[in-house]
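Here the structure comes first, spelled out in structure tokens, and everything after it is commentary.
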Amino acid sequence: MTTILIIDDDVELTDLLKEFLSNFKYKLVIYHNPVDALQFLEEKTCDMVLLDVMLPEMDGLQVLRSIRENSEVPVMMLT
């Protein structure tokens with residue numbers, strides 16, 4: 001099963017993404033906090049990341065740089 005990690009602080013948007021993408025039988029992992037999401041990526045893998053640009057604590061580009069230190073997972077930026 002394909003796993004998609006969603007990193008976005010907008011709960012309504014992540015609920016909509018979850019509802020839509022679940023129809024395609026993706027396994028979704030959702031984090032509203034980028035620090036927690038990066039910790040998840042240190043311990044687990046995923047097939048794709050949907051990443052918001054505007055996040056609390058660090059912006060999406062900082063998160064992307066952190067992801068790229070250890071992974072080449074495809075990342076789609078949400079703006």
Side-chain angles (χ1 to χ4, degrees):
M1 180 176 282
T2 300
T3 301
I4 299 174
L5 171 62
I6 301 173
I7 308 170
D8 195 316
D9 62 326
D10 185 334
V11 176
E12 288 182 32
L13 177 60
T14 57
D15 286 346
L16 287 171
L17 288 169
K18 181 178 179 180
E19 182 179 334
F20 178 76
L21 294 172
S22 294
N23 292 324
F24 299 97
K25 303 196 181 186
Y26 293 121
K27 177 182 177 189
L28 302 174
V29 179
I30 299 171
Y31 282 94
H32 301 288
N33 179 304
V35 174
D36 294 338
L38 290 171
Q39 174 134 13
F40 168 84
L41 283 173
E42 287 179 11
E43 300 167 7
K44 311 255 186 205
T45 62
C46 63
D47 299 294
M48 180 178 185
V49 176
L50 294 178
L51 175 60
D52 187 16
V53 172
M54 301 294 292
L55 291 165
E57 297 186 39
M58 62 176 65
D59 68 36
L61 295 176
Q62 291 172 307
V63 175
L64 179 58
R65 282 190 284 277
S66 293
I67 290 171
R68 285 291 170 251
E69 289 177 6
N70 301 309
S71 176
E72 289 297 319
V73 64
V75 176
M76 182 180 290
M77 301 296 290
L78 300 174
T79 63

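These figures come from a predicted structure and were not determined experimentally. These values consider heavy atoms only, across backbone and side chains, with no hydrogens, waters or symmetry-generated copies.
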Taking T14 for the side chain and V11 for the main chain, is one N or O donor matched with an acceptor at less than 3.5 Å?
->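 Side chain of T14 to backbone of V11, a donor-acceptor pair under 3.5 Å: yes, one is there.
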
State whether the side chain of R68 and the backbone N or O of V73 hold a donor-acceptor pair below 3.5 Å, judged by distance alone.
->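 Side chain of R68 to backbone of V73, a donor-acceptor pair under 3.5 Å: yes, one is there.
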
Do [X] and [Y] have side chains that approach each other closer than 4.5 Å (heavy atoms only, starting at C-beta)?
X	Y	result
M77	L61	yes
V63	V75	no
I6	K18	no

Residue list, side chain to side chain contact (heavy atoms under 4.5 Å, CB included) with [X], at least two apart or on another chain:
X	result
Q39	E43
F24	F20, Y26
L41	L5, C46, I67
L16	none

Could you go through the side chain to side chain contact (heavy atoms under 4.5 Å, CB included) check for L50 and L21 one step at a time?
-> CA-CA 12 Å; L50 294 178; L21 294 172; 4.1 Å; yes

Among residues two or more places apart or on two chains, list those pairs meeting side-chain hydrogen bond (donor to acceptor under 3.5 Å, both in side chains) that have a residue in residues 44-54.
->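 Sorted pair list comes back empty.
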
If a pair satisfies side-chain hydrogen bond (donor to acceptor under 3.5 Å, both in side chains) and one of its residues is in residues 54-67, list it, with sequence neighbours excluded.
->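 Of all non-adjacent pairs touching residues 54-67, those that pass side-chain hydrogen bond (donor to acceptor under 3.5 Å, both in side chains) are N33-E57.
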
